2 protein chains.
Amino acid sequence: MRISELSRRSGVPNATIKYYLREGLLPPGRATAATQAEYDETHLRRLRLIRALVGVRGLSVASAKQVLEAMTEHRTDPHEVLGIAFGIRPSGSGDPGAAEDDGTDGTNPEAAALVEAMGWSVSEHNPARQIIDRTLRTLRSLDVAYDWQALLPYAELAERTARYDLDRIESITDPLEKAERAVLLTFLLEPALMALRRLAQENESTARHGGRAHP
Amino acid sequence: MRISELSRRSGVPNATIKYYLREGLLPPGRATAATQAEYDETHLRRLRLIRALVGVRGLSVASAKQVLEAMTEHRTDPHEVLGIAFGIRPSGSGDPGAAEDDGTDGTNPEAAALVEAMGWSVSEHNPARQIIDRTLRTLRSLDVAYDWQALLPYAELAERTARYDLDRIESITDPLEKAERAVLLTFLLEPALMALRRLAQENESTARHGGRAHP
DNA sequence: GCAATTGGGTAGCGGCACTGTCTAATCTGG
DNA sequence: CCAGATTAGACAGTGCCGCTACCCAATTGC
């Protein structure tokens, strides 16, 4: 399959496919000549995956690249992939690297306390820790008295969610397929889970305040 | 308080505050003269809220504006605010309005089935429905056999999350404060909840595969 | 042989979130 | 009363990001 057919079958414009190739999100096709390369079903699949991560989930192209790299390399087992992939940040946020001026070392004490309390075994470097500490700090700066203990019930629910996530990929034997499924469920499901929460919030709000939905 | 003090106390550059004023995210100060306006604590608070929504949560400035408008107007009760605010989309996603070419009418049948099965009472227009249907369609296009029934356990957990969310704001009497808290908990907590899920996933993965965290 | 297609490269575009500059009016200190 | 600083408001410019358009030489299919 040449690039035009790949474009036609995926619905992604020719120029955009070239862009993904340049950026390294899509591996190059098997070159058959100086101006000819052959693509196969794996490229088509990868392309759809890219579109899902970027379009539906809203990852930046750079973040999607990291996820895909982690997924493809999967040095030993899917566990690695999860560990690496879980640290990607959405496109919206600003500067990675140096914190603006809030003098935060890399300790994230609140996340650590939470992990300890839950009895979890997670890497010190998991960037999810940062997100938790940052969120709590931000909330408190807005006079919302939240600390890690306020997150405990949420952590409990997250634990069940994670168990359910892992159940769903346990039966897959092919490691690459398993890694792909893990990425899909982790990232692509995030907007849907938040959507579920909002539906449930509206329902719960309706139930408590007795109001009916706006027409 | 004049603009410079507002800038100094919030850490937001002068020019950026003017930008937010232009965009309508921050209400104008009380003009005392042609080149003088007075800002107060509510402006400072609002500014911090903007920064939290845009910086931490990653909302686009336009989305943040909608959230803030819904929050401020709060025609009758916080229930309205939740209903409106819950429909905001993150900045990452592409074109609102016309769906690309996947001929989707506005029905979102899977979300409807899920809502029905859960016995929820939510508006037909809640955009969370769209997100759910879109996510499921995308997953299936990637050969992941998911339908609304696969989301039921997640919906169950979302319901508990929502109950906990509503518990936390129930005691607030001032309607504007309540609306603000609802917005904060709904939006600002989202990254943290996803972070919790990832921590729990890593933990669960470690437990099942017996691996230890990467050094 | 020759139009059409392709790979590969570079340049440009539109949107977004600011940022810098300018002007005229106003305030402050002496 | 006046010099110097500050301010509101308007507008142009910047840097980044995700494409998109164009160009060229090589290759292909007819």
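Within every chain, numbering begins at 1; the chains are lettered A, B, ... in the order of the sequence lines, protein sequences first and strands thereafter. All values derive from a computational prediction rather than experimental measurement.
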Report task. May I ask you to decide if B/Gln201's main-chain N or O and B/Ser205's side chain share a donor-acceptor pair within less than 3.5 Å? Result ->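 Absent.
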
Nearest-Å distance, [atom1] ([X]) to [atom2] ([N])?
X	N	atom1	atom2	result
A/Leu59	D/dC19	CG	P	12 Å
B/Lys65	C/dC18	NZ	C1'	17 Å
A/Glu38	D/dT27	CD	P	16 Å
A/Met1	D/dT28	CE	C1'	18 Å
B/Glu5	D/dT6	CD	P	14 Å
B/Ile3	D/dG9	CD1	C1'	10 Å
A/Tyr20	C/dG8	OH	P	18 Å
B/Leu21	D/dT7	CG	P	13 Å

Query raised in the report: Going by an N to O cut-off under 4.0 Å, is there a salt bridge joining B/Arg129 and B/Glu110?
Result: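 Salt bridge absent between B/Arg129 and B/Glu110.
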
Query - Side-chain ion pair, B/Arg197 and A/Asp165, N-O less than 4.0 Å - result: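 Here B/Arg197 pairs with A/Asp165 in a salt bridge, since their nearest N and O are under 4.0 Å apart.
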
Query raised in the report: Can you find a side chain N or O atom of B/Tyr39 that sits less than 4.0 Å from OP1 or OP2 on D/dA8?
Result: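 Yes, within the criterion.
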
Beyond-backbone contact of [X] with [Y], side-chain heavy atoms, under 4.5 angstrom:
X	Y	answer
B/Leu139	A/Leu184	yes
A/Leu196	B/Leu157	no
B/Val122	A/Thr206	no
A/Glu190	B/Arg198	yes
A/Lys65	A/Glu23	no

Query raised in the report: Nearest nucleotide by nearest heavy atom, which residue falls closer to the 5' end of DNA chain D, A/Ala62 or B/Asn14?
Result: B/Asn14

N/O-N/O pairs, protein side and nucleotides 20-24 of chain D side, under 3.5 Å:
from   : atom 1 : to      : atom 2 : distance (Å)
D/dT20 : OP2    : A/Thr16 : OG1    : 3.0
D/dT20 : O4     : A/Arg22 : NH2    : 3.2

Report summary line: With sugar-phosphate taken as primed atoms, P, OP1 and OP2 and all else as base, the protein-contact string of nucleotides 23-30 of chain C at under 4.0 Å (heavy atoms; B, S, -) is --BSS---

Requested in this report: Can you sort out the partners of B/Ala150 under side-chain contact (heavy atoms from CB on, under 4.5 Å), two or more places apart, ordered by chain and number?
Outcome: A/Arg168, B/Tyr146, B/Asp147

